Amino acid sequence: MTIRIHSTASRGKVDFEPLEPGRVLFYNCGPTVYDHFHIGNARNFVVMDVIRRHLRHRGFDVRFVQNITDIDDKIINRAREEGKTPQEIAQTYTEYYFNRSGLLGVEPADVHPRATEHIPQIIGLVERLIERDLAYSTPSGDVYFRVREFKPYGELSGRNIDDLREGARVDPSEEKEDPLDFALWKASKPGEPQWDSPWGPGRPGWHIECTAMIHTHLGETIDIHAGGSDLIFPHHENERAQSMGATGQEYVRHWIHNGFLNIEGEKMSKSLGNFRTIEDVLAEFSPLTVRFFLLSAHYRNPLDFSRENLAAAATALRRLTDCLTETANTLRLLGVEDGSPEAEWIAKYDEAMDDDFNSQRAIGVIFELVADVNERRAKRDPDDSDRASLANGLATLRTLCDLLGLDPALDQRGDSSGVNPELAAFAEEIGATPSEQTEEAILQSLIERRAAARKERDFATADAVRGRLGEMGYILQDTAHGTTWKRG
RNA sequence: GGCGGCGUCGCCAAGUGGUAAGGCAGAGGACUGCAAAUCCUCCAUCGCCGGUUCGACUCCGGCCGCCGCCUCCA
């Protein structure tokens with residue numbers, strides 16, 4: 001029953017034990033809002049959303065925080081390029097983030113703190129580190145963390161200081177005591193955003209904001225800290241050094257990092273220029289398909305993005321959504337009321353997800369259930385027990401999809417607005433008499449009109465109904481219990 | 001150079017000391033006025049070479065290939 005979780009620091013699975021039983025303090029490194037996020041970023045958002053959902057499903061009171069980095073070199077540069085202020089850039093892409101992640105079914109976090117709203121806390125943290133001699137300011141107003149003074153440095157990412165020193169790059173303009181030291185506070189250059197500080201006007205370094213926001217919104221020791229694998233070093237290693245240096249306490253009990261989304265076998269990244277924004281991908285594939293695809297590999301493994309892989313995901317997903325809608329249709333035709341989820345299937349799902357959030361295995365369970373439900377539905381002369389079983393199967397399937405956030409409604413936004421005039425016209429033309437002018441009613445009348453035609457062996461009319469509806473994007477299906485429709 | 005990961009059916013992808021989930025694609029059959037869906041059946045011995053073991057895809061060693069981090073990056 002315990003959840004096993006792979007911890008980056010120990011490089012193995014351990015039992016998940018939150019600091020306070022029943023409660024989870026969970027932080028995910030969120031977006032830097034300077035551009036459209038790419039499909040690789042989306043993987044992190046979706047995967048962590050699913051982990052959060054599973055922990056909640058397993059009874060934990062989860063407090064989930066995901067920051068918005070709204071001050072940073074990239075934002076400043078972007079603003080300069082576009083002749084806007086950094087605030088405007090941050091505002092634009094923050095809205096973009098919420099909008100697009102919402103399309104993918106990512107629930108908003110409990111708190112989305114912004115770096116710029118935590119300057120006092122950041123300054124306080126830096127002061128604490130200076131008091132402890134773990135940080136120092138320079139004549140030009142920068143403040144650096146003294147890496148060599150923090151003995152556990154490197155434990156998270158599995159490297160040692162001496163190895164690092166050889167590879168460390170030194171920017172001649174920096175006044176570091178040691179090349180490994182990293183910036184906690186940067187003196188601002190003319191024209192850049194700045195805040196007053198004991199060291200002069202400046203802005204926070206990258207790593208410090210996360211630590212300050214975690215301390216503010218979750219506490220000095222948290223249960224889970226997540227991010228992409230590329231954040232392990234130096235970002236998370238540095239965060240750990242800052243926090244433990246300042247508090248003397250453990251910072252994070254379980255570090256988790258998702259693998260990369262690759263494109264043609266190589267990491268997708270802004271710097272390589274081979275990235276696909278979520279915008280590009282959603283132009284070709286539905287939100288649900290994208291979400292399903294992103295969950296189709298274990299979160300720590302690489303996942304290769306390609307049109308073929310997305311297309312295969314779309315086909316697979318269709319099998320699932322067809323089962324959902326067609327089973328619902330069958331139950332409606334049979335007049336069976338809703339069932340309730342089956343514990344044994346939920347348990348199989350839990351077993352998969354409890355094992356380090358293995359969404360691929362969970363999806364495997366879902367497809368086994370799909371086959372099972374299809375088999376139940378294929379039964380020719382269902383008795384009461386068969387009907388109840390089918391209803392329960394559907395309820396179970398819906399529950400499992402919901403746990404992964406695979407909500408068919410993600411693909412139906414806007415579909416309900418208005419009735420296709422062509423559809424109404426066709427109904428009138430062929431003599432169907434809808435009870436009201438809704439899509440549902442018109443289709444129902446057409447199905448009845450067609451049934452009448454079939455009864456008279458007027459297959460020309462019957463096929464015309466199927467044919468025209470097909471052109472309009474509806475598929476009619478004749479089942480043992482009547483005719484149903486679905487979108488093509 | 002240092003550190004780490006990966007290599008499973010045509011493709012994607014789980015798993016792991018006792019003879020390999022699931023999806024896509026494919027083959028055959030059933031159902032069917034048409035169509036779609038669905039059902040049934042079939043479809044891998046796990047990069048290579050050694051070793052440990054009653055038994056390895058799973059553990060150990062070597063080799064080959066691919067990828068990541070070490071610099072902003074999910």
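Please read these numbers as outputs of a predicted model, since none were measured by experiment. Residue numbers begin at 1 in each chain, while the letters A, B, ... track the order of the sequences.
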*Asks:* What does A/Met268 touch in the nucleic acid at a heavy-atom separation under 4.0 angstrom: a base, only the sugar-phosphate, or nothing?
*Replies:* base

*Asks:* For nucleotides B/A25 and B/C12, find the distance between their P atoms and express it as a whole number of Å.
*Replies:* 15 Å

*Asks:* Taking the same atom, P, in B/U8 and in B/C59, what whole-Å distance lies between them?
*Replies:* 16 Å

*Asks:* Between B/A27 and B/C34, how far apart are the two C1' atoms, rounded to whole Å?
*Replies:* 25 Å

*Asks:* Sub-3.5 Å donor-acceptor pair from the side chain of A/Arg376 to the main-chain atoms of A/Ser389, do we have one?
*Replies:* yes

*Asks:* Between B/A74, B/A35, B/G15, which nucleotide has the shortest distance from any of its atoms to the side chain of A/Leu231?
*Replies:* B/A74

*Asks:* Looking at B/A74, B/C34, B/G23, which one has an atom nearest to any side-chain atom of A/Asp463?
*Replies:* B/C34

*Asks:* Between C1' on B/G15 and CG on A/Asp355, what's the gap in Å once rounded to a whole number?
*Replies:* 10 Å

*Asks:* Mind checking A/His38 for me? I need base, sugar-phosphate or nothing, with any heavy atom below 4.0 Å counting as a touch.
*Replies:* base

*Asks:* Does A/Phe260 stack onto the base of B/A74, taking stacking as ring centres under 5.5 Å apart and planes under 30° apart?
*Replies:* no

*Asks:* Within the structure shown, what part of the strands sits under 4.0 Å from A/Arg43 by heavy-atom distance: base, sugar-phosphate, or nothing?
*Replies:* nothing

*Asks:* Around atom CD of A/Glu351, are there more than 12 heavy atoms of other residues, nucleotides or ligands at under 6.0 Å?
*Replies:* no

*Asks:* Taking only the side-chain heavy atoms of A/Asp230 (C-beta and beyond), determine which of B/A36, B/A74, B/C39 contains the nearest atom.
*Replies:* B/A74

*Asks:* Choosing from B/A35, B/A13, B/C70, which nucleotide comes nearest the side chain of A/Asp478?
*Replies:* B/A35

*Asks:* Which is true for A/Asn301 with a 4.0 Å heavy-atom rule: it touches a base, it touches only sugar-phosphate, or it touches nothing?
*Replies:* sugar-phosphate

*Asks:* Can you tell me the distance, in whole Å, between the CZ atom of A/Phe293 and the C1' atom of B/G22?
*Replies:* 16 Å

*Asks:* Whole angstroms only, please: what is the CG-C1' distance between A/Asn160 and B/G4?
*Replies:* 14 Å

*Asks:* Go through B/A37, B/C24, B/G68 for me and flag the one nearest to the A/Gln477 side chain.
*Replies:* B/A37

*Asks:* Rounded off to whole Å, could you give me the CD-to-C1' distance for the A/Gln360 and B/G23 pair?
*Replies:* 7 Å

*Asks:* When you check the side-chain N and O atoms of A/Tyr299 and A/Asp356, is any donor under 3.5 Å from an acceptor?
*Replies:* yes

*Asks:* Choosing from B/A74, B/C12, B/C39, which nucleotide comes nearest the side chain of A/Asn309?
*Replies:* B/C12

*Asks:* Would you indicate which nucleotide in B/C72, B/C31, B/U38 comes nearest to any side-chain atom of A/Arg380?
*Replies:* B/C31

*Asks:* What is the distance from CG of A/Asp35 to C1' of B/A74, rounded to the nearest Å?
*Replies:* 14 Å

*Asks:* Looking only at side-chain N and O atoms, does A/Thr32 offer a donor or acceptor that is under 3.5 Å from a partner on A/Asp72?
*Replies:* no

*Asks:* With heavy atoms under 4.0 Å as the rule, sort A/Gly40 into base, sugar-phosphate or nothing.
*Replies:* base

*Asks:* Students often get this wrong, so: under 4.0 angstrom with heavy atoms, is A/Glu375 touching a base, only sugar-phosphate, or nothing?
*Replies:* sugar-phosphate

*Asks:* What interatomic distance, in whole Å, is found between C1' of B/C72 and the corresponding atom of B/U19?
*Replies:* 49 Å

*Asks:* Which nucleotide, B/A74, B/A14, B/C24, lies nearest any side-chain atom of A/Thr315?
*Replies:* B/C24

*Asks:* Hey, mind stepping through A/Thr484 and A/Glu326 against side chain to side chain donor-acceptor pair (under 3.5 Å) and telling me if it holds?
*Replies:* CA-CA 8 Å; A/Thr484 63; A/Glu326 287 171 26; over 6 Å; no

*Asks:* Let's see if you can work this out: which of B/C34, B/G4, B/C24 has an atom nearest to the side-chain heavy atoms of A/Arg466?
*Replies:* B/C34

*Asks:* Quick one: label A/Phe459 by what it contacts on the DNA or RNA (base, sugar-phosphate, nothing), any heavy atom closer than 4.0 Å.
*Replies:* base

*Asks:* Under a 4.0 Å N-O cut-off, is there an ion pair linking A/Glu368 with A/Lys348?
*Replies:* yes

*Asks:* Given B/A74, B/A14, B/C24, which nucleotide is nearest the side-chain atoms of A/Asn358?
*Replies:* B/A14

*Asks:* What is the distance, to the nearest angstrom, from the CD1 atom on A/Ile475 to the C1' atom on B/C34?
*Replies:* 14 Å

*Asks:* Among side-chain atoms of A/Asn309 and A/Ser306, is any donor-acceptor pair under 3.5 angstrom?
*Replies:* yes

*Asks:* For the C1' atoms, the ones on B/A21 and on B/C43, what distance do you get once it is rounded to whole angstrom?
*Replies:* 16 Å

